[in-house]
Amino acid sequence: MASVKPSVPSGTRDFSPAEMAKRNFIFDTIKGVFRKYGYQQIETPTMEKLSTLTGKYGDEGDKLIFKVLNSGDYLVKADVKQLEDRNSNLLTSSISEKALRYDLTVPFARYVVQHQNEITFPFKRFQVQPVWRADKPQKGRYREFYQCDADVVGSKSLLNEAEFVMIYDEALSLLGLKDFTIKINNRKILSGIAQVIDKYDSIIDLTVAIDKLDKIGLDGVIKELLERGFTEADIDKLKPVILLEGSNDEKLQKLREALATSEIGLAGCDELETVFNYLQYTPLKKATLELDITLARGLNYYTGAIFEVKTNEVAMGSIGGGGRYDDLTGMFGLKGLTGAGISFGADRIYDVLEELNLFPASAVEGTKALIICFDASGETFALPLLQKLRNAGINAELYPAGAKLKKQMDYANNKQIPYTILIGSEEMQTGLLAFKDMESGVQEKLSAEDILTRLGA
RNA sequence: GUAGGUAUAGCUCAGUUGGUUAGAGCAUCGGUUUGUGGUACCGAGGGUCGUCGGUUCGAGCCCGAUUACUUACCCCA
């Protein structure tokens, strides 16, 4: 049999022990903060019914859903006409009924509707699981990646929005970031702007264009707006709003003036002001909260607040985002439930922490002590000590089989084990073991009890 | 979907205008050293040069196709 060169599908990755330790540091920190704020963890299946997912992410999104082929002889049940026509799109529905989860929000909505009688509202849940997208991978963009979501359904209160800001602030501060900006905007303000220039129907084009301000600059935005059918007069009205400056309060003030004729726009201003007010009572640790009118985000289902988080320490896309979406569960037949949520981009946070060298040494909790025997006769002597170490909560190993010392030492070095305990005939006779600090090379004769003490037991 | 780039040892990559037997570093294994690792030295294993076809006396190198990977755009986290 020809051997196949081992590799993983593009856009997916293996994670080494060292990487997993760092990833778990991120996940554990974020989960801890979620729990602290009263969010409870759920998980949903890797696969959802295809019908649950289709139509929720727009036409582009539907194409990016990984479909799972039906079990058994799926072609028997395939639609003959579509098969002959080579019509992949239509054929899909007759050969695939399941698909990989595309995000955590839609499965969550399904969960809420399905379990509505068991849930006490407002329901605060968090979820940390991988999602899959059949996208073309590129830098910082994978076909399998993790989302860390916290959402609350069944509460219109803007306290939730304020709490999201606090969660971002606390979690990212705990991860070691020192300078990051939580950008906040409100979909209603964007609607108001579109209303004021009388282009309410073109709100998507409007937001897609101004969202790119920091990427392509004002001239680029103007060009894009012109291409999308906006007039010079529209743009003249837009400019002062897009280029707002000053403190959040000053921006709000100017916005109220600009949006005076738009009821919905003013409602958005009111909401933002309420959130800002709440946050006056809970000072932020490291985050800067910034009202950013150009923040639109691609997701069109946001109806109120919109969040995006960026680090100011390295050049990197957003490391978190979220917002409020009314009628989250409406697509599954449960009307009138509002939801709001945030998400942490764990993979990007990883890159940021790596670049800034912010992973603490404690994140890598490997073996602390390796017992090395000169020959197999030391093994039975070593076992009781090994158990004592482990009972004391010290990660410890006994090198299996009687390998040469060099090999055992190399093993300790490669695994970055800081201490070795050497056992030979002399040690077994005297009961004093060779305790070696692998970094300094210093070796001492210590009793088992002293070794336990030295290792902090 | 659009447009580029790359493909040679387990990994990272050299390889001259096309010319004998395919190169290095790292990694692995063994030895110098049978009670002591990191450093050093010596040695070994490991390749259908992505695949198929073409040009040529001769192709890792030139041409075409194909596949995989990768980068940017659209979009997204």
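Not measured: the values here are computed from a predicted model. Reminder, nothing fancy here: chain letters follow the sequence lines and each chain counts from 1. Values reported hereafter were calculated over all heavy atoms of this structure, with side chains retained and with hydrogens, waters and symmetry mates removed.
Atom pair A/Glu308:CD and B/C76:P shows a separation of 12 Å (rounding to whole Å applied). Look at CD1 on A/Ile319: it is 17 Å from C1' on B/C76, rounded to the nearest Å. Protein atom CE of A/Met409 is 15 Å distant from nucleotide atom C1' of B/U39, rounded to whole Å. Distance A/Gln408 CD to B/G37 C1': 11 Å, rounded to the nearest Å. In this structure, A/Arg143 atom CZ and B/A68 atom C1' are separated by 12 Å, rounded to whole Å. The separation between A/Asp103 atom CG and B/A77 atom C1' is 10 Å, rounded to whole Å. Per the geometry, NZ belonging to A/Lys63 stands 12 Å off P belonging to B/U2, to the nearest Å. Atom CG of A/Leu295 is separated from atom P of B/A77 by 12 Å (rounded to the nearest Å).
In this entry B/A27 has no Watson-Crick or G-U wobble partner, no candidate having both defining distances under 3.5 Å. Across all strands shown, nothing is found opposite B/C49 as a Watson-Crick or G-U wobble partner with both distances under 3.5 Å. The nucleotide B/U2 finds its pairing partner in B/A72, both defining distances of the Watson-Crick or G-U wobble pair being shorter than 3.5 Å. In a base pair of the Watson-Crick type (N1 to N3 plus N6-O4 or O6-N4) or a G-U wobble (N1-O2 and O6-N3), with each distance short of 3.5 Å, B/A14 is matched with no nucleotide. Nucleotide B/U56 forms a pair with no other nucleotide shown, judged by Watson-Crick or G-U wobble geometry with both contacts under 3.5 Å. Taking a pair to require two hydrogen-bonding distances under 3.5 Å in either a Watson-Crick or a G-U wobble arrangement, B/G38 remains unpaired. As the counterpart of B/C61, no nucleotide is assigned, since no Watson-Crick or G-U wobble pattern has both distances under 3.5 Å.
If you check B/G35, B/C74, B/A3 against the side chain of A/Leu405, the one that comes closest is B/G35. Candidate nucleotides B/G35, B/G38, B/A77 were compared by shortest atom distance to the side chain of A/Asp410, and B/G38 ranks first. With B/U28, B/A72, B/C75 as the candidates, the nucleotide lying closest to the side chain of A/Asp135 is B/C75. Checking B/G38, B/U28, B/C69 against every side-chain atom of A/Asn414, the shortest atom distance belongs to B/U28. For A/Lys445, counting side-chain heavy atoms from C-beta on, the closest listed nucleotide (B/A3, B/G35, B/G38) is B/G35. For A/Arg133, counting side-chain heavy atoms from C-beta on, the closest listed nucleotide (B/A3, B/G37, B/C76) is B/C76.
When each of A/Gln147, A/Arg13, A/Arg141 is checked for a side-chain hydrogen bond (donor to acceptor under 3.5 Å, both in side chains) with A/Asp347, only A/Arg13 meets the rule. The ring pair (Phe, Tyr, Trp, His ring centres under 6.0 Å) with A/Tyr168 is formed by just one residue from the set A/Phe344, A/Tyr37, A/Phe180; it is A/Phe344.
A distance of about 48 Å separates the P atoms of B/G18 and B/C76, rounded to the whole Å. For the C1' atom pair drawn from B/G46 and B/A40, the interatomic distance equals 25 Å after rounding to whole Å. Atom name P, nucleotides B/U48 and B/U6: the rounded distance is 23 Å, in whole Å. B/C61 sits 11 Å from B/G19 when the P atoms are compared, rounded to a whole Å. Taking the P atoms as reference points, B/G23 lies 28 Å from B/G31, given to the whole Å. Taking atom P in both B/A22 and B/A59, the straight-line distance is 14 Å, to the nearest Å. With both ends at atom C1', the span from B/A7 to B/U66 equals 13 Å, rounded to whole Å. Nucleotides B/G43 and B/G60, compared at atom P, are 29 Å apart to the nearest Å.
The residues A/Arg454 and A/Asp450 are annotated as not salt-bridged, no charged nitrogen and carboxylate oxygen being separated by less than 4.0 angstrom. A salt bridge does not link A/Glu144 to A/Arg101: none of the charged nitrogens lies less than 4.0 Å from a carboxylate oxygen. Using a 4.0 Å cut-off between charged nitrogen and carboxylate oxygen, A/Glu313 and A/Lys178 do not count as a salt-bridge pair. A/Arg143 has no carboxylate O lying under 4.0 Å from a charged side-chain N of A/Asp135, or vice versa, which leaves the two without a salt bridge. The pair A/Lys436-A/Glu444 fails the salt-bridge criterion, with no side-chain N (NZ, NE, NH1 or NH2) lying under 4.0 Å from an Asp/Glu carboxylate O.
Contact between the side-chain N/O atoms of A/Gln138 and the OP1/OP2 oxygens of B/A72 is found at a separation under 4.0 Å. Close to B/A77, at under 4.0 Å from its OP1 or OP2, lies no side-chain N or O of A/Lys310. For the OP1/OP2 pair of B/A77 and a distance below 4.0 Å, the side-chain nitrogens and oxygens of A/Ser318 include no atom meeting the criterion. Under 4.0 angstrom from either OP1 or OP2 of B/G30 there lies no side-chain N or O belonging to A/Lys406. An OP1 or OP2 oxygen of B/C29 is reached within less than 4.0 angstrom by a side-chain nitrogen or oxygen of A/Lys407.
If you check every strand for non-hydrogen atoms under 4.0 Å, A/Tyr142 touches a base. Counting non-hydrogen atoms under 4.0 angstrom, A/Lys415 reaches nothing in the nucleic acid. If you check every strand for non-hydrogen atoms under 4.0 Å, A/Gly441 touches a base. Nucleic acid contact class of A/Ser425 (heavy atoms, under 4.0 Å, all strands): base. Contact annotation for A/Lys404: backbone-only contact, meaning every heavy-atom pair under 4.0 Å involves sugar-phosphate atoms and none involves a base. If you check every strand for non-hydrogen atoms under 4.0 Å, A/Gln416 touches nothing. Contacts of A/Arg348 with the nucleic acid, taken as non-hydrogen atoms under 4.0 Å apart, involve only primed sugar atoms and P, OP1 or OP2.
Under 3.5 Å, the side chain of A/Glu427 and the base of B/G35 form at least one donor-acceptor pair of N or O atoms.
A/Tyr146 and A/Phe27 have their aromatic ring centers within a separation under 6.0 angstrom. With ring centers used as reference points, A/Phe34 lies under 6.0 Å from A/Phe126.
Judged by closest nucleotide on RNA chain B, A/Lys436 is the one of A/Lys212 and A/Lys436 placed further toward the 5' end.
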